[in-house]
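Residues take their numbers from the sequence shown, with the count starting at 1. Ligands are counted one by one from 1 in listed order, and the atoms in each one are counted from 1 as well.
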Amino acid sequence: MLDKINRQVHLLSRPQAMPALSNFEIRTTSVPSLKENEILVHSLYLSIDPYMRGRMAGRPFSHPPFELNACLIGKVIGTIVASNNIRFKKGELVRGRLDWADYSIVTDDQIEKITPYEDITLPTWLGVLGSPGMTAYFGILELGQPKAGETVVVTSAAGAVGSIVGQIAKIKGCKVIGITGSDTKVEYLTQQLHFDMALNYKKPNFAEDLKHCCDKGIDIYFDNVGGTITDLAMLHLNKFSRIVLCGQISTYNSEGPDVGLRHFRTLILKSATVKGLVVWDFKDRFEEAKIQLIQWMREGRLQSRENIIEGLDNAPKAFIDLFNGENIGKQLVKIS
Ligand SMILES: NC(=O)c1ccc[n+]([C@@H]2O[C@H](COP(=O)([O-])OP(=O)(O)OC[C@H]3O[C@@H](n4cnc5c(N)ncnc54)[C@H](OP(=O)(O)O)[C@@H]3O)[C@@H](O)[C@H]2O)c1
């Protein structure tokens with residue numbers, strides 16, 4: 001037994017509709033001694049991700065459901081505090097799918113080393129250089145195929161994936177319209193990220209505003225949310241438009257049947273292409289994306305932003321806040 005107390009975030013019950021704090025519990029255990037080849041990682045930052053909602057519900061997805069009364073698992077950056085493995089040394093920084101906890105015991109196939117750069121902050125490795133950056137990069141460039149002068153509409157535009165999608169589309173010379181959930185986020189997108197336009201979908205005149213902004217139609221619709229926002233965007237598709245289906249967060253807390261995309265007739269009339277995105281399909285090319293994303297950041301053309309909440313105890317709240325739209329940029333928890 002190592003002389004360390006470990007707090008873990010457990011899933012107590014499966015959320016019904018909106019997740020609640022009562023679905024989670026912080027439990028305290030001690031850290032057992034390391035066996036051969038095992039590595040002890042102290043968590044520094046937890047990534048808080050919408051896809052975890054499906055795993056909490058027990059729905060089949062790209063990963064198996066979370067078990068009840070067990071520690072949640074997500075992307076974590078940490079530092080090695082003890083190691084019985086010759087490939088990993090004490091003090092090294094690593095990233096992996098680890099426990100939502102102060103400490104995780106892992107084997108070397110569960111973690112990868114992070115080479116720190118002076119000008120790249122640690123949280124960036126879970127944001128622009130993590131899954132959101134990879135999702136945005138391959139989603140907009142490979143599935144969206146943007147051309148200069150085209151109109152790109154992206155939803156959840158101030159979030160981790162959406163904010164990077166819009167910035168890459170700007171780099172490629174597109175007109176970018178962001179759809180988001182507050183006036184503060186509208187200002188962030190237009191003033192800080194230089195999107196051409198941004199709209200608050202919670203405003204009563206949203207449908208009219210969208211029609212006005214899309215006076216030349218939509219060439220690429222990058223969808224993170226689904227539901228009624230997507231229904232409205234479908235009305236403005238151009239001939240040969242591309243729809244990137246990245247996420248459907250507006251339906252993740254829905255208990256009813258999945259209503260899905262309804263505008264098949266429009267898709268035929270517009271000769272449109274709909275492509276589903278699974279970021280891990282591109283894992284062999286993550287290094288290529290990393291190099292390009294770092295270059296854009298260094299050139300000042302791509303901004304990284306994280307919404308950092310302090311303390312492991314606040315991880316359940318940070319997760320719930322995703323569905324309240326509290327985050328601008330990548331939602332993270334810093335472990336004190
Ligand atoms: N396909 C893939 O491989 C892949 C990989 C990563 C992520 N994703 C998906 O990409 C999407 C974005 O993920 P992210 O990590 O970047 O999260 P995020 O956008 O940083 O955070 C979630 C945001 O969703 C918005 N939202 C919440 N409930 C909503 C609703 N009912 N209607 C409309 N918007 C709502 C909120 O912003 P507002 O203030 O704008 O409402 C909230 O801030 C998610 O759907 C996720 O599942 C897919």
For ligand 1, which atoms, with element, lie under 4.0 Å from some heavy atom of [X]?
X    : result
G247 : 9 (C), 45 (O)
S250 : 30 (C), 31 (N), 32 (N)
Q248 : 45 (O)
N327 : 18 (P), 20 (O), 21 (O), 42 (C), 43 (O)

Minimal non-hydrogen separation, [X] against [Y], with atom names:
X    : Y    : result
L199 : C213 : CD2-SG, 3.8 Å
K202 : G181 : CD-O, 3.3 Å
C214 : I177 : SG-CD1, 4.0 Å

Exercise for review: For this output row, return yes or no: ring centroids of F286 and W280 closer than 6.0 angstrom.
Suggested key: yes
Closest to [atom] (judged by heavy-atom distance), picking from [options]:
atom                    : options               : value
atom 47 (O) of ligand 1 : F323, Y252, Y51       : Y252
atom 14 (P) of ligand 1 : G181, A157, P132, P50 : P50
atom 23 (C) of ligand 1 : G276, S156, A158      : S156
atom 34 (N) of ligand 1 : F138, F282, Y201      : Y201

Any N/O of [X] closer than 3.5 Å to an N/O of ligand 1?
X    : result
G162 : no
V279 : yes
C246 : yes
A160 : yes
K185 : yes
V225 : no
N224 : yes

List the closest protein heavy-atom neighbour of [atom]: residue, atom name, distance to the nearest 0.1 Å.
atom                    : result
atom 42 (C) of ligand 1 : L322 O, 3.1 Å
atom 7 (C) of ligand 1  : V161 CG2, 4.0 Å
atom 36 (C) of ligand 1 : G325 CA, 3.6 Å
atom 26 (N) of ligand 1 : I249 CG2, 3.7 Å
atom 4 (C) of ligand 1  : T135 CG2, 3.7 Å
atom 1 (N) of ligand 1  : L277 O, 2.7 Å

Check your understanding: Is the NZ atom of K334 crowded by more than 12 outside heavy atoms at less than 6.0 Å?
Key -> no
Check your understanding: With backbone taken as N, CA, C and O and side chain as the heavy atoms from C-beta onward, which portion of V278 lies under 4.0 Å from ligand 1: side chain, backbone, both, or neither?
Key -> backbone
Review point. How are the rings of Y137 and W296 set relative to one another: parallel (under 30°), tilted (30 to 60°) or perpendicular (over 60°)?
Key: tilted
Point to revise | Parallel, tilted or perpendicular: ring planes of W100 versus F319, cut at 30 and 60 degrees | key: perpendicular
Check your understanding: What's the verdict on side chain to side chain donor-acceptor pair (under 3.5 Å) for T230 and D223, showing C-alpha distance, side-chain angles and the deciding distance?
Key -> CA-CA 7 Å; T230 297; D223 191 17; 2.8 Å; yes
Check your understanding: Does the pair K216 and T151 meet the rule for a side chain to side chain donor-acceptor pair (under 3.5 Å), with working shown?
Key -> CA-CA 8 Å; K216 293 201 171 76; T151 299; over 6 Å; no
Practice item. Evaluate the side chain to side chain donor-acceptor pair (under 3.5 Å) criterion for residues N307 and E326: first the C-alpha distance (whole Å), next the side-chain angles of each, then the deciding distance (0.1 Å), finally the verdict. Key: CA-CA 9 Å; N307 201 67; E326 294 289 328; over 6 Å; no
Point to revise | Any side-chain heavy-atom pair of T124 and M297 under 4.5 Å | key: yes
Exercise for review: Show your reasoning for whether side chain to side chain donor-acceptor pair (under 3.5 Å) applies to E306 and S304.
Suggested key: CA-CA 7 Å; E306 298 86 25; S304 158; 2.6 Å; yes
**Study point:** I220 side, atom CD1; E150 side, atom CD - distance, nearest 0.5 Å
**Key:** 5.0 Å
